[in-house]
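Take a look at the structure set out below.
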Amino acid sequence: MNSNTLLQATEVSKSYRNGDNIITVLNGVNLTLLKREMVAIVGASGSGKTTLLQILGTLDTADHGSILFKGQELHQQPEASLAAHRNSNIGFIFQFHHLLPEFTALENIMMPGLIQGQNKAILRDRAMELLQRIQLAKRADHRSGELSGGEQQRIALARALILQPALLLADEPTGNLDAGSGQMVFELLQELSDSFDLSVLMVTHNMELAQALDRTLTLESGHLV
Ligand SMILES: Nc1ncnc2c1ncn2[C@@H]1O[C@H](COP(=O)(O)OP(=O)(O)OP(=O)(O)O)[C@@H](O)[C@H]1O
Ligand SMILES: [Mg+2]
């Protein structure tokens with residue numbers, strides 16, 4: 001494995017049992033993601049994009065296959081070490097973003113660091129900087145439940161980036177955004193990729209955004225092509 005490789009998935013498969021039926025969602029997925037690379041994943045609804053992101057992020061487990069992160073095997077590692085891996089290496093943006101509606105935008109962004117017991121003042125500064133970058137500084141003290149769908153999506157992006165992960169896994173992060181906001185998200189990710197070696201794997205239906213990334217892969221019949 002090349003030292004420039006961040007993530008390497010080999011022959012990853014996943015099936016779900018539904019009564020007597022077995023639905024094979026992933027059927028031998030292979031993927032190599034380089035450091036600083038930004039890759040789009042497209043595919044029909046139900047093709048397994050979310051399943052794949054969850055497996056690559058170790059939130060779900062594959063039935064078979066290998067997942068190497070910086071050369072270390074993650075498949076079938078104990079949950080405690082996977083949790084530590086996720087905390088220090090991965091930022092997630094979920095398809096349904098799961099912000100905490102009772103907390104403010106600023107608190108939601110700080111939350112991953114607060115859970116880890118990191119310094120509050122440093123987290124606050126970093127969260128405010130991210131809020132400025134996504135043009136939501138004026139909304140810092142609004143409860144997230146009172147923000148628009150697109151604003152919540154940008155808050156979820158900032159939350160995913162607060163701990164400066166090596167890998168961002170993003171499940172349709174621009175689904176509720178207009179073209180201008182989508183472009184802003186893209187520019188922010190590109191800058192982080194350049195300056196902090198961030199790699200991005202992004203599920204998107206936005207073809208314009210997909211084309212702006214380094215590569216686009218299509219999930220089809222359980223394979224990435
Ligand atoms: N926990 C589960 N149990 C059974 N089947 C599941 C489970 N999770 C997902 N599936 C099935 O796996 C397939 C892939 O689901 P997945 O959510 O990965 O699709 P997707 O590509 O993200 O779709 P969308 O674009 O609509 O978000 C679907 O047919 C879904 O019904
Ligand atoms: Mg999905």
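Atoms within each ligand, like the ligands themselves, are counted from 1 in listed order. It should be emphasised that the depicted structure is a prediction, and the values quoted were computed from it without experimental measurement. Scope of the values below: all heavy atoms of this structure, side chains included, with no hydrogens, waters or symmetry mates.
By the definition of a contact as any protein heavy atom under 4.0 Å away, atom 7 (C) of ligand 1 is in contact. Of the protein's heavy atoms, none falls inside 4.0 Å of atom 31 (O) of ligand 1.
The OG1 atom of Thr216 lies 9.0 Å from the CG atom of Leu209; values are rounded to the nearest 0.5 Å.
For Ser47, the heavy-atom gap to ligand 1 drops under 4.0 angstrom.
Phe96 and Phe94 have their aromatic ring centers separated by at least 6.0 angstrom.
Checking Glu73 against Gln77 by side-chain atom types alone, no donor-acceptor pair falls below 3.5 Å.
Remark: ligand 1 atoms within the under-4.0 Å shell around heavy atoms of Gln95 are 27 (O). Atom numbering of ligand 1 starts at 1 in the shown order; those under 4.0 Å from a heavy atom of Ala44 are 21 (O).
The protein heavy atom nearest to atom 17 (O) of ligand 1 is Thr50 CB, 3.7 Å. Scanning all protein heavy atoms for the shortest distance to atom 12 (O) of ligand 1 gives Val25 CG2, 3.3 Å. Tyr16 CE1, 3.5 Å is the protein heavy atom nearest to atom 9 (C) of ligand 1. In this structure, the protein non-hydrogen atom closest to atom 16 (P) of ligand 1 is Thr51 OG1, 3.6 Å.
Linking Ile, Leu, Val, Met, Phe, Trp and Tyr residues whenever their side-chain heavy atoms come within less than 4.5 Å places Ile55 and Ile41 in a single cluster.
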List the steps and the verdict of side-chain hydrogen bond (donor to acceptor under 3.5 Å, both in side chains) for Thr50 and Asp171. CA-CA 7 Å; Thr50 295; Asp171 204 344; 2.6 Å; yes
Mind running salt bridge (Lys or Arg N to Asp or Glu O under 4.0 Å) on Glu172 and Lys49 for me, showing each step along the way? CA-CA 10 Å; Glu172 298 193 37; Lys49 304 179 298 295; 5.3 Å; no
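Among the backbone and side-chain atoms of Thr50, an N, O or S atom lies under 2.8 Å from the Mg ion (ligand 2). Put simply, Ser45 stays out of reach of the Mg ion (ligand 2), with no N, O or S atom under 2.8 Å from it.
The shortest distance between side-chain heavy atoms of Arg154 and Met184 falls below 4.5 Å.
A salt bridge between Asp197 and Arg36 is present, with a side-chain N of the basic residue lying under 4.0 Å from a carboxylate O of the acidic one. The pair Arg86-Glu79 counts as a salt bridge, with a side-chain nitrogen and a carboxylate oxygen less than 4.0 angstrom apart.
In this comparison of Glu172, Arg17, Lys49, the heavy atom closest to atom 25 (O) of ligand 1 sits on Lys49. Comparing Gly222, Gly175, Ser45, Gly46 against atom 14 (C) of ligand 1, the shortest heavy-atom distance belongs to Gly46.
Checking only distances, Gly48 does come within under 3.5 Å of ligand 1, N or O to N or O.
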